[in-house]
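The figures that follow rest on heavy atoms only: side chains count, while hydrogens, waters and symmetry mates do not.
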Amino acid sequence: MDQRIVLITLLIKLGVSAAVSSVLARSRRFRVLLFHEERTLAENLEMVLFIGGPYALGVVVRHTVKNFVSADLAFESSILMGVITGRIGGMAGGLLVSLPQLAMHDWTNLPINVLAGLLAGWMRHLATDREAIWSFSPFFDLSIYRWIRRTIAKSFIDWQTSFFVLILGLVFVLQQSKRAFPNHTFALASPNWAVTAAIYLGTVMCVAIALKVLNNTRIEMKLEEQDRLLLQARMEALQSQINPHFLFNTLNSVSSLVRFDPDTARDMIVKLSNILRRLLRKSDNFVQLREEFAFIDDYLDIEVVRFGKDKLRVVKELEPESLDAIVPSMILQPLVENSIKHGLAGKVEGGSIYLRSRISDGKLVIEVEDDGVGLDATANVESGTGIGLANVQERLNVLYGNAARVELDSQQKIGTTVRIVLPTPFAEENNLPYELRSNTSR
């Protein structure tokens, strides 16, 4: 083969290595497997199929497309699969990519590829820090002098250097096999020492480029995981906020009812325990709307006892089809608390709270309205008092972005309406029991 063709082929092989790695990184399942360093044997073999499949196809392309030998990266991919999945995965990967080569009578490539996968997997096993695998580069140290001094001083060769030397050794074995069995070994070879050096370096670069591309995917996955954990922490912080005065006042009410109305006191304890149990369910970020209203029922039943039935009335106007929609957990409690604390508490004669839900134009609309004292003209969602509107707005921003909104309509001495508009995902099961108390007062 012409020496210039060999050099051009080496350059194309670098591009093929980067392209295959980039395509693999688009698979969601592959990204998940790649992200977790500790994998089961079945998951490692799944990784081998992900990686080895495209490279085995490249061997077929090399055979079917004339003069396109750069598509065959079976040797390099065996090293790649070994260092990513381990010894068993490396051997399995070497076997997988060698099967098309057997059909082309390149028989000696099979043991060499399996050996390459085994030794690369062995190198992975020896790595004390798995992150060293992903930082591998053919330019392992820009200062040869510093490397030599460090090696002599510490009497060891670090993992990066060892892996570099291993790849060179494996290329040497492949080159010798090519010379001994030229008709049964596929490998780029050249009598020119400079081109031969380029072949050695090109193999190292193919492995390093693939690792760099896949490592970028791992870094993206780590950033996504950190963002997810941060959002989860924010959600839990927002979700767990409830006015402690509500708990204190409820317990005081229970203590005052124990002597002259023990049945009501017992009911309040049961409802309070339901509320606390719900607050402890941190994993439930989303629930059906019917479950959210069931929680509000317990909350309001306690408030009705505290304020008196003649001072606090609750009216529910709920469309049955809206109750199957999925909503963020604990999204209504801050709004109801605001209505009582800032709307009705300052009204001597008390008042009513109206809870409404409906599906409108493909959106779920939930309204919490009171006929209390209202808010001043400068009130808005961001200036919501305590954990109320600002809490709800923050949670919706985290979960939906611009797909959800909170609207506030308030007039002094008339009342306040808070309206939440959400996308309408529905649960698969829509037959959960719930006693609707629509259009009724209690």
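Without hydrogens or angle criteria, T196 side chain to S190 main chain gives a donor-acceptor distance under 3.5 Å. One N or O on the side chain of W159 and one on the backbone of M123 form a donor-acceptor pair closer than 3.5 Å. Looking at R31, its side chain never comes within 3.5 Å of a backbone N or O of T217 through a donor-acceptor pair. Between the side chain of S21 and the backbone N or O of S17, at least one donor-acceptor pair lies under 3.5 Å. Not a single donor-acceptor pair under 3.5 Å links the side chain of E292 to the backbone N or O of V287. S27 places no side-chain N or O within 3.5 Å of a backbone atom of L24 that could act as its donor or acceptor partner.
A salt bridge links E367 to R358: one of the charged nitrogens lies within less than 4.0 Å of a carboxylate oxygen. Under the 4.0 Å criterion applied to side-chain N and carboxylate O atoms, R277 and D298 are not assigned as salt-bridge partners. Comment: R29 engages E46 in a salt bridge, judged by a side-chain N to carboxylate O separation of less than 4.0 angstrom.
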Derivation of the side chain to side chain contact (heavy atoms under 4.5 Å, CB included) call for V59 and M104: CA-CA 9 Å; V59 178; M104 302 171 198; 3.7 Å; yes
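Considering D106, N113, T108 as possible partners of Q101, the one that fulfils the side-chain hydrogen bond (donor to acceptor under 3.5 Å, both in side chains) test is N113.
Counting heavy atoms from C-beta on, the side chains of Q3 and P191 come closer than 4.5 Å. At a threshold of 4.5 Å between non-hydrogen side-chain atoms, the residues L174 and N109 count as touching. I84 places a side-chain heavy atom less than 4.5 Å from the side chain of L211. With contacts defined as side-chain heavy-atom distances shorter than 4.5 Å, the pair L272/L251 qualifies. A 4.5 Å side-chain heavy-atom check between L289 and S357 finds at least one atom pair inside the cut-off. By the 4.5 Å heavy-atom criterion applied to side chains, L396 and R405 are not counted as neighbours. Within the 4.5 Å cutoff, side-chain heavy atoms of F295 are placed close to those of I275.
In this structure, the separation between OG1 on T417 and CG on D370 is 7.5 Å, given to the nearest 0.5 Å. To the nearest 0.5 Å, atoms CD (E321) and CD1 (I359) are separated by 7.0 Å. If you take CG on L115 and CD1 on I112, they are separated by 8.0 Å, rounding to the nearest 0.5 Å. Rounding to the nearest 0.5 Å gives a distance of 5.5 Å between CG of L355 and CZ of F293.
Heavy-atom minimum distance, C206 versus L73: SG-CD2, 4.1 Å. Summarising the geometry of L96 relative to G53, their closest heavy-atom pair is CD2-N, 4.0 Å, with the distance given to 0.1 Å.
Counted by atom type alone, N397 and Q393 present one or more donor-acceptor pairs between their side chains at under 3.5 Å.
Annotation: ring-ring contact (aromatic ring centres under 6.0 Å, His included) contacts involving residues 14-64, sequence neighbours excluded, comprise F30-F50. Contacts classified as ring-ring contact (aromatic ring centres under 6.0 Å, His included) and involving residues 68-117 (residues at least two apart or in different chains) are given here: H105-W107, W107-H184.
Remark: R218 pairs with E37, E131, N215 by the side-chain hydrogen bond (donor to acceptor under 3.5 Å, both in side chains) rule, at least two apart or across chains.
The number of heavy atoms from other shown groups lying within 6.0 Å of CH2 (W134) is above 12.
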